[in-house]
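Structure record follows, encoded as structure tokens.
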Amino acid sequence: RLAVKLHKTRAALWNEYFNNYANMSAEMWEEEKYEDGMKWKFLEHKGPYFPPEYQPLPDNVHFYYNGKTVKLSLAAEEVAVFFAQMLDHEYTTKVVFRENFFKDWRKEMTHEERSLIQDLDKCDFGEIHAMHKAKTEARKNMSKEEKQALKEANQKIVDEYGYCLLDHHKERIGNFKIEPPGLFRGRGEHPKQGMLKKRIQPEDVIINCSKDSRIPVPPAGHHWKEVRHDNSVTWLVSWTENIQGSNKYIMLNANSKLKGEKDWEKYEVARKLKSRVDDIRYQYLQDLKSKQMVTRQRAVALYFIDKLALRAGNEKEEGETADTVGCCSLRVEHITLHEQLDGNECVVEFDFLGKDCIRYYNKVPVIKKVFKNLKLFLENKQPGDELFDRLNTNVLNKHLSSLMPGLTAKVFRTYNASITLQQQLKELTNKSDNVAEKLLSYNRANRAVAILCNHQRAPPKTFEQSMANLQAKIDARKEQLALAKTELKQAKKEAKTKGNSDPKLQAAVKRCEEQLLKLEVQATDREENKQIALGTSKLNYLDPRISVAWCKNMEVPIEKIYNKTQREKFAWAIDMTEADFEF
DNA sequence: TATATAACTTAGGATAGCTTAA
DNA sequence: TTAAGCTATCCTAAGTTATATA
């Protein structure tokens with residue numbers, strides 16, 4: 001009940017803010033009274049935008065099997081094109097990808113095709129691939145006018161399908177396009193990579209909107225799977241995808257009221273954790289000594305989640321997805337215990353694949369009680385056995401929500417990310433620094449969070465080159481600076497005899513120094529960022545009010561840290577945050 | 001109580017398109 | 001003016017969590 005009350009108070013606060021934000025007077029916007037769980041009262045939209053239908057290959061582009069031209073049926077040809085388009089990609093060399101593709105491709109073939117085409121290695125997609133490359137090339141080389149026309153056509157689609165009416169607001173939709181068919185590209189060693197992701201028809205699509213709205217019209221000759229009017233959910237359109245059998249949704253853009261409010265709530269829960277975290281930590285440290293195995297496992301898991309910002313780690317169905325784990329699903333093989341390592345005692349070495357098959361590797365000194373428990377958990381287990389065999393995310397989250405309303409495993413990630421940013425910003429930035437230095441500090445604080453959350457990226461392909469280019473610029477600037485300095489010296493000497501120094505030359509030296517510093521700072525920033533992605537934490541874990549307050553305090557324009565999309569998403573924070581905000 | 005499912009957030013890679021330097 | 005390089009945006013996969021179902 002308390003949580004509901006809290007929620008309602010927040011909703012009222014939010015409405016007050018949003019009235020201002022939307023630049024509407026309170027009278028114009030009759031305050032919505034939402035029942036619990038009601039997401040909207042009125043929802044109208046145009047339905048999804050479908051990808052264009054398949055365009056058959058021109059007659060001069062051939063597919064060959066075993067060296068002979070084969071004219072494929074339309075369905076088989078479309079799938080062949082999917083494969084041909086990916087030929088430059090590493091995917092198409094992987095055995096699993098090729099096998100899955102070939103199996104699904106054969107399903108699309110006619111009887112005759114199927115009996116002829118039995119070996120993928122005998123297929124020659126060369127001409128189709130070349131055609132595709134030529135097409136992308138041609139697109140790149142379009143004239144200004146053609147590009148402009150294309151842009152306008154796209155804008156027209158956005159104007160028509162990209163917005164909806166939700167209660168009193170025209171809101172942008174996040175993804176209004178139905179996903180086009182193609183070959184499934186999973187991450188890492190995905191058992192389903194290469195399978196055919198089928199074309200979605202209107203008959204597969206569920207529409208969600210108000211009863212009294214103008215119901216979206218299906219494409220000519222088609223009908224929707226269902227039209228429903230469920231205002232307890234936020235999606236406008238959904239369909240079932242054929243690879244995993246899971247649902248896909250069309251939902252609002254991040255700048256919408258619905259999403260913004262949810263985001264705000266997320267950070268409010270994390271702030272609440274801030275005020276409770278001491279007690280909660282004390283509790284799980286006590287629990288390390290519990291007589292109950294479940295409780296001790298839960299305590300160790302919480303220790304990891306809190307200290308290392310690990311994800312909850314749901315169980316996954318084997319063979320359906322790549323083999324990745326989070327905290328609760330860690331297996332014996334993923335950790336190594338060291339009584340002594342690099343001068344530290346009780347070190348746990350983690351090595352596992354997390355979400356998106358991103359490797360988590362870390363050597364962490366832990367407290368003795370945790371170490372002792374871990375040793376116990378490992379007893380009589382095989383490498384493939386679960387470390388926390390009595391624990392799952394359900395048990396863990398049930399416990400957490402009993403400690404604090406709204407508390408779940410992922411709140412710790414949000415909390416620790418945001419509090420780390422705030423602390424780091426305090427520690428790293430000086431008011432007297434120039435903007436470039438302040439931004440380096442900001443990025444370093446952001447980077448500390450990204451490292452904590454293990455947000456990695458593949459080093460950009462052009463990284464080495466781009467670093468070299470930057471270094472060349474720095475060298476050139478250094479030379480220029482040296483030159484400017486000698487000129488100034490010379491001028492000063494002459495000034496002694498003539499009596500006036502040269503302010504122009506002094507300014508030139510100063511400008512040169514500033515530019516050099518800026519370049520050097522940029523180089524440092526880029527080098528440190530080689531394998532680290534800052535965007536994910538910025539967008540999903542860092543309370544934007546921390547950044548907004550920092551910008552105000554440091555007199556850094558908000559545009560320096562948030563691009564247009566980010567400013568739109570965080571409009572609420574930019575609008576409501578004072579310089580003294582504390583997370 | 002276990003398992004499945006729905007709904008929603010979080011995630012990195014691909015690509016479009018803008019900026020900058022040659 | 002053009003191409004290279006970089007950033008923003010798009011895309012959709014892969015998580016988490018709450019709830020429904022067996």
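Note on naming: letters A, B, ... go to the chains in the order of the sequence lines (proteins, then strands), and numbering restarts at 1 for each one.
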Take atom [atom1] of [X] and atom [atom2] of [N], then tell me their distance rounded to the nearest Å.
X	N	atom1	atom2	value
A:Asn253	C:dT9	CG	P	11 Å
A:Asn154	C:dC10	CG	P	11 Å
A:Asn242	C:dA13	CG	P	10 Å
A:Ile358	C:dA13	CD1	P	16 Å
A:Lys569	C:dT9	NZ	P	13 Å
A:Glu559	C:dT7	CD	C1'	16 Å
A:Asn141	C:dA4	CG	P	12 Å
A:Tyr249	C:dG15	OH	P	17 Å

Both A:Lys355 and A:Ser238 contact DNA chain B. Taking the nearest nucleotide for each, which residue is further toward the 5' end?
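Per heavy-atom nearest nucleotide, the more 5' residue is A:Ser238.
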Return whichever of A:Asn454 or A:Glu317 has its heavy-atom-nearest nucleotide of DNA chain B closer to the 5' end.
A:Glu317
Are a donor atom and an acceptor atom from the side chains of [X] and [Y] found within less than 3.5 Å of each other?
X	Y	value
A:Ser246	A:Glu241	yes
A:Ser547	A:Tyr442	yes
A:Thr393	A:Asn314	yes

Answer whether the closest heavy-atom distance between the side chains of A:Glu189 and A:Lys94 falls below 4.5 Å.
yes
Just call it for [X]: base, sugar-phosphate, or nothing, with non-hydrogen atoms closer than 4.0 Å on any strand.
X	value
A:Thr324	sugar-phosphate
A:Ile243	nothing
A:Arg187	base
A:Gln456	sugar-phosphate
A:Lys140	nothing
A:Lys147	nothing
A:Thr234	sugar-phosphate
A:Lys192	nothing

Restricting to non-hydrogen atoms, name the atom on A:Phe176 and the atom on A:Ile157 that form the minimum distance, rounded to 0.1 Å.
CE1-CG2, 3.9 Å
Any idea which heavy atoms bring A:Arg98 and A:Thr92 closest together, and the distance?
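Of all heavy-atom pairs spanning A:Arg98 and A:Thr92, the closest is NH1-O, 2.9 Å.
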Give a yes/no on whether any side-chain N or O of A:Lys177 is located under 4.0 angstrom from OP1 or OP2 of C:dC10.
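No, because none of the side-chain N or O atoms of A:Lys177 sits under 4.0 Å from OP1 or OP2 of C:dC10.
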Using OP1 and OP2 only, check whether a side-chain N or O of A:Asn563 sits under 4.0 Å from C:dT7.
no
Heavy atoms from other residues, nucleotides or ligands near [atom1] of [X] exceed 12 (cutoff 6.0 Å):
X	atom1	value
A:Gln155	CD	yes
A:Lys46	NZ	no
A:Lys274	NZ	yes

Walk along DNA chain B from 5' to 3' and tell me the first and last nucleotide with an atom closer than 4.0 Å to a non-hydrogen atom of chain A.
B:dA6 to B:dA21
Evaluate A:Lys262 against A:Glu265 for salt bridge (charged side-chain N to carboxylate O under 4.0 Å, His left out), listing each step before the verdict.
CA-CA 5 Å; A:Lys262 200 76 190 300; A:Glu265 251 179 59; over 6 Å; no
Between A:Lys156 and A:Glu152 (salt bridge meaning N to carboxylate O under 4.0 Å), is one present in this structure?
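Not counted as a salt bridge, because no side-chain N and carboxylate O are separated by less than 4.0 Å.
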Let me spell it out: for each of A:Glu179 and A:Lys564, pick the nucleotide of DNA chain C with the closest heavy atom. Which residue's pick is nearer the 5' end?
A:Lys564
Under 3.5 Å, which protein N or O atoms sit close to an N or O of nucleotides 16-19 of chain C? Give each pair with its distance.
unit_1: C:dT16; atom_1: OP1; unit_2: A:Ala312; atom_2: N; d: 3.2
unit_1: C:dT16; atom_1: OP1; unit_2: A:Gly313; atom_2: N; d: 2.7
unit_1: C:dT16; atom_1: OP2; unit_2: A:Asn314; atom_2: N; d: 3.0
unit_1: C:dT16; atom_1: OP2; unit_2: A:Asn314; atom_2: ND2; d: 2.8
unit_1: C:dT17; atom_1: OP1; unit_2: A:Thr408; atom_2: OG1; d: 2.8
unit_1: C:dT17; atom_1: OP1; unit_2: A:Ala409; atom_2: N; d: 3.3
unit_1: C:dT17; atom_1: OP1; unit_2: A:Lys410; atom_2: N; d: 2.7
unit_1: C:dT17; atom_1: OP2; unit_2: A:Asn397; atom_2: ND2; d: 2.9

